[in-house]
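Numbers restart at 1 for each chain; the letters A, B, ... are given by sequence-line order, proteins then strands.
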2 protein chains.
Amino acid sequence: MTQTDTLTIREMCDTYAVTPRTLRFYEAKELLSPIRQGAKRLFTKQDRARLQLILRGKRFGFSLEDIRQLLDMYNRDGSNEAQLSRTYQLGLDRLAQMKAQRDELTIAITELETELREGQATLAAFRAAAE
Amino acid sequence: MTQTDTLTIREMCDTYAVTPRTLRFYEAKELLSPIRQGAKRLFTKQDRARLQLILRGKRFGFSLEDIRQLLDMYNRDGSNEAQLSRTYQLGLDRLAQMKAQRDELTIAITELETELREGQATLAAFRAAAE
DNA sequence: ACGTTACATTACGTTAACGTAAAGCACTCT
DNA sequence: AGAGTGCTTTACGTTAACGTAATGTAACGT
């Protein structure tokens, strides 16, 4: 009963498979802003949502600084138009970067595949020679 | 004519778009082993071939340490099937990683595009309200 | 002789994303 | 009382792949 609706640092760590150090680090980087009860941190559902976005961003290979900027966008607090517009532009830029990155990856994949076919042929020749 | 068949460090840098520091660094890491003329380095065509492999490896996302091992295996005989097979397997693993990474990127791109459409709508509403 | 390349070596600096002590406070259990 | 648990802060350590001085020397043009 009496759901606290907040998690301690340990509960957060267990839930999301991160270390306390990581959560404190993210707070220092202003990616999270848990409330305080005395000296202890209490993570709200807002923090949990943000952490999930952070972790997803990391899986995509974004830096924490990239993620910090993206979080601003996911936060549709949209105070004024100028801010919103700037944020939108940031997203567009990021999108272009991501597509470029994907294209490069595709090229590298193709190259590596070619390379591997050669390797496979060489290997097959070896095995044939060994009878 | 008297082709020297070797390149100075600067010629190497110009040819492959790397800095002198990089070439010296690679030598320290035993990725390259240019011959010496006094104190100066002279890069043979062997070095050039290796550098090309290094740069390609980097495009594939291999670390220099990975690359060093791959180069060693490649040079050690080249006639050892076990080593060749291992190299091939490393390539396969890396290829799988790269494809997975690309798939995740594609997902992220789609998500971001959705998010951006939302942002654009919000922005349009703002502007309509401002008349 | 003098200044300018062109190279060299040595070695400290940089960035990201935490890891890892070190030391202390506040409970709780025995 | 003493031990253990869980949290805190401060702060130095780590890895990769070079960047960036600082300093030195040999060769070359004028």
Side-chain angles (χ1 to χ4, degrees), chain A residues 4 6-44 47-48 50-71 94 97 101 104 108, chain B residues 2 4 6-44 47-48 50-72 90 94 97-98 101:
Chain A
T4 320
T6 61
L7 297 184
T8 68
I9 198 168
R10 181 106 306 273
E11 288 166 343
M12 282 289 278
C13 293
D14 293 345
T15 304
Y16 298 102
V18 296
T19 69
R21 180 67 178 93
T22 297
L23 294 179
R24 297 192 187 109
F25 182 74
Y26 289 170
E27 183 181 356
K29 287 275 176 172
E30 297 182 47
L31 292 169
L32 297 178
S33 46
I35 58 181
R36 294 304 182 103
Q37 176 188 296
K40 297 183 180 179
R41 292 169 174 80
L42 290 180
F43 295 84
T44 68
D47 292 313
R48 300 199 288 278
R50 288 174 72 91
L51 179 55
Q52 282 180 3
L53 289 174
I54 293 168
L55 296 178
R56 183 175 60 173
K58 289 204 61 187
R59 284 201 307 280
F60 296 158
F62 292 108
S63 72
L64 290 184
E65 178 53 26
D66 289 340
I67 292 170
R68 199 183 61 71
Q69 294 180 22
L70 282 175
L71 278 178
R94 175 70 43 194
Q97 260 185 262
Q101 190 183 339
E104 281 181 26
Chain B
T2 68
T4 319
T6 60
L7 298 183
T8 69
I9 199 168
R10 179 108 309 272
E11 289 165 342
M12 282 289 279
C13 293
D14 294 344
T15 305
Y16 299 103
V18 295
T19 68
R21 180 67 177 92
T22 297
L23 293 179
R24 296 191 189 110
F25 182 74
Y26 289 170
E27 183 181 357
K29 287 275 176 174
E30 297 182 48
L31 292 169
L32 297 178
S33 45
I35 58 181
R36 295 304 184 103
Q37 175 187 299
K40 297 184 179 178
R41 293 169 174 80
L42 290 180
F43 295 84
T44 69
D47 292 314
R48 300 199 287 278
R50 288 175 71 92
L51 180 57
Q52 281 180 2
L53 289 174
I54 292 168
L55 295 178
R56 183 162 40 166
K58 290 203 64 184
R59 284 201 307 281
F60 294 161
F62 286 107
S63 71
L64 290 184
E65 178 54 25
D66 288 342
I67 293 171
R68 197 184 59 72
Q69 292 179 26
L70 289 175
L71 283 177
D72 284 354
L90 275 180
R94 186 78 200 126
Q97 282 179 34
M98 289 166 68
Q101 192 182 339

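Checking the phosphate oxygens (OP1, OP2) of C:dA17, no side-chain nitrogen or oxygen of A:Y26 falls inside 4.0 Å. At D:dT20, none of the side-chain N or O atoms of B:R24 fall inside 4.0 Å of OP1 or OP2 (strictly under the cut-off). Phosphate proximity of C:dG19 to A:T19: present, with a side-chain N or O under 4.0 Å from OP1 or OP2. Between D:dC18 and B:K58, a contact under 4.0 Å exists linking OP1 or OP2 to a side-chain N or O.
Atom CD in A:E27 sits roughly 16 Å away from atom C1' in C:dA17 (whole-Å rounding). Straight-line distance from the CG atom of B:L23 to the C1' atom of C:dC7: 13 Å, rounded to whole Å. In this structure, B:I67 places its CD1 atom 14 Å from C1' of D:dC18, rounding to the nearest Å. Between the CZ atom of A:R21 and the P atom of C:dA22 there is a distance of 16 Å, rounded to whole Å. If you take CG of B:D14 and C1' of C:dA6, they are 12 Å apart, rounded to a whole angstrom. Taking atom CZ of residue B:F25 and atom P of nucleotide C:dT9, one finds them 15 Å apart after rounding to whole Å. Whole-Å rounding puts the B:I9 CD1 to D:dA27 P distance at 18 Å. Whole-Å rounding puts the B:E30 CD to D:dA17 P distance at 15 Å.
Among C:dG19, D:dC7, C:dC7, the nucleotide with an atom closest to any side-chain atom of A:T22 is C:dG19. Of the listed nucleotides (D:dA11, C:dT9, C:dA17), C:dT9 has the atom at the smallest distance from the side chain of B:R36. Picking from C:dA11, C:dC18, C:dC7 the nucleotide with the shortest atom distance to the side chain of A:L64 gives C:dC18.
Taking 3.5 Å as the limit, the base of D:dT8 and the side chain of A:R41 contain no donor-acceptor pair of atoms between them. At a cut-off of 3.5 angstrom, the base of D:dG6 holds no donor-acceptor pair with the side chain of A:R10.
Taking a cutoff of 4.0 Å between a charged side-chain nitrogen and a carboxylate oxygen, A:E27 and A:R41 qualify as a salt bridge.
Using modelled atom types, one finds no donor on one side chain facing an acceptor on the other under 3.5 Å when comparing B:Q97 with B:Q101.
Looking only at side-chain heavy atoms (C-beta outward), B:V18 and B:L55 come within less than 4.5 Å of each other.
In terms of position along DNA chain D, the nucleotide closest to B:E65 lies nearer the 5' end than the nucleotide closest to the other residue of the pair B:K40 and B:E65.
Judged by distance alone, the side chain of B:D47 and the main-chain N or O of B:T44 form a donor-acceptor pair under 3.5 Å. A donor-acceptor contact shorter than 3.5 Å links the side chain of B:R50 to the backbone of B:L31.
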